[in-house]
Amino acid sequence: MGQTAGVPAAVDLEGMVRGVGLRVTRPRVAVLSAVHDHPHSDTESIISVVRAELGDVSHQAVYDVLRALTAAGLLRRIQPMGSVARYEARVGDNHHHLVCRSCGAIADVDCAIGYTPCLTAADTAGYEIDEAEVIHWGRCAECVAAARAASGD
Ligand SMILES: [Zn+2]
Ligand SMILES: [Zn+2]
């Protein structure tokens with residue numbers, strides 16, 4: 001098993017790490033790969049995926065890598081209210097999220113028209129805004145179906 005085992009050949013993860021000026025290390029590539037393969041993962045799940053591949057990685061190392069990759073713009077961190085932080089590798093397209101109140105499932109929602117008038121603050125109050133976040137809260141299809149089944153409809 002090589003260093004890039006499990007990494008799809010089509011995605012040049014090492015190139016992405018190098019591209020933002022970070023040194024390519026096995027934990028960095030493994031974390032990026034884990035988040036690519038499991039979007040919206042929390043830190044614990046990322047740690048277990050990375051450990052399955054590298055074996056000997058500490059929690060702290062994974063936290064540090066997540067922080068560095070997020071700061072470098074390779075990962076996006078989202079933290080819906082009441083949830084732990086989740087990470088995804090789909091960055092830069094300003095997509096939104098659906099969050100299920102019952103089971104915590106998260107799904108991506110494309111920006112409706114590629115331009116976001118509702119995300120443009122009417123009054124910036126002098127702030128230099130670099131991000132706006134929309135979370136659509138509700139129940140996922142599975143939870144809706146389960147609730148229907150339980151109520152006997
Ligand atoms: Zn659900
Ligand atoms: Zn997403």
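Atoms within a ligand are numbered from 1 in the order they appear, just like the ligands themselves. Computed from heavy atoms alone, side chains included, the values below leave out hydrogens, waters and symmetry copies. Remember, predicted model here, so these are calculated numbers, not experimental data.
Seen from the Zn ion (ligand 2), atom NE2 on H97 and atom NE2 on H40 lie at an angle near 90° (rounded to 10 degrees). If you put the vertex on the Zn ion (ligand 1), SG of C143 and SG of C140 sit 100° apart, to the nearest 10°. The angle E88:OE1 - the Zn ion (ligand 2) - D108:OD1 amounts to 140°, with values rounded to 10 degrees.
Partner of V50 under the side chain to side chain contact (heavy atoms under 4.5 Å, CB included) criterion, out of V31, V29, V35: V31 alone.
Open room surrounds CD on E142; 12 or fewer heavy atoms of other groups in view lie less than 6.0 Å from it.
The Zn ion (ligand 2) lies at 2.8 Å or more from every N, O or S atom belonging to H96.
Looking at R18 and R28, their side chains never come closer than 4.5 Å, going by heavy atoms from C-beta outward.
Under the 30°/60° scheme for interplanar angles, the aromatic rings of H95 and H97 are found to stand perpendicular.
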